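Throughout, residue positions are numbered sequentially from 1 according to the sequence presented. The structure presented is a predicted model; accordingly, all values stated were derived computationally and were not measured.
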Amino acid sequence: PPPVLTWIGADRNPPRAAGLFRPQLALSSPRDPIQEAPVVDLQTLLVLYGAWLVFFNVLLEQAGLPIPAYPLLVVAGALAAQDQLSWPLILAGTVAASLIADSAWYAAGKRHGARLLSTICRISLSQDSCIRQTQSRYLLVGPRLLLVAKFLPGAGALSTVMAGLT
């Protein structure tokens, strides 16, 4: 049988077109050799795991892995607006993950700055120009770059490493 769909907010009338249905784990019978996997979406994962999922997603994204954190944060904000998630816990998880990742990048930049910067720039087509441009732009703009670097893809890690290097 297919997964059973139930509405997340059981205390209110379910809006049919809003897409607020959450699949529950309802697998086919044990005798069936092909078991259907439950349908799991981002909203369901957030309702199940909440702030921990946001924390680890933001931590991995801030650590430099190519994992997008913005879609999860948008869905978490929407669920928090509907009182299905605690917005203080989501905010605390996001801030804690960012601080941990930025502190690790800063400490790594302070200890192994030039070597770490060359490792990060290794994926660039021109490694030498990447290092020179990054250093010259950071020295020109300075700590003000840290204010906008989080909003530029790939610039967050580079700017935090440069802050530790200088």
Cluster overlap Ile100 with Val95, hydrophobic side-chain contacts below 4.5 Å
no

Cluster link Leu99 to Leu91, ILVMFWY, side chain under 4.5 Å:
yes

Value for CG (Asn57) from CG (Leu73), rounded to nearest 0.5 Å, stands at 7.0 Å

Verify same cluster id: Val54, Leu42 (apolar side-chain graph, 4.5 Å)
yes

Working to the nearest 0.5 angstrom, can you tell me the gap between Tyr49 OH and Leu85 CG?
14.0 Å

Taking every non-hydrogen atom, the tightest pair across Ala76 and Ile90:
CB-CG2, 4.1 Å

When clusters are formed by joining ILVMFWY residues with side-chain heavy atoms under 4.5 Å apart, either directly or through shared neighbours, do Leu53 and Val58 land in the same one?
yes

Looking only at non-hydrogen atoms, find the nearest pair between Ala101 and Ala63 and report the distance.
CB-N, 4.1 Å

Between Ala97 and Phe55, which heavy-atom pair has the shortest distance, and what is it?
CB-O, 3.3 Å

Leu72/Leu45 under side-chain contact (heavy atoms from CB on, under 4.5 Å): CA gap, chis, key distance, verdict
CA-CA 10 Å; Leu72 187 79; Leu45 288 172; over 6 Å; no

Taking Leu48 as the starting point, is it possible to reach Trp52 by hopping between hydrophobic residues whose side chains are less than 4.5 Å apart?
no

Quick one: CG on Leu59 to OG1 on Thr94, what's the gap to the nearest 0.5 Å?
11.0 Å

In short, Glu61 meets Ile67 closest at the heavy-atom pair CG-O, 2.7 Å

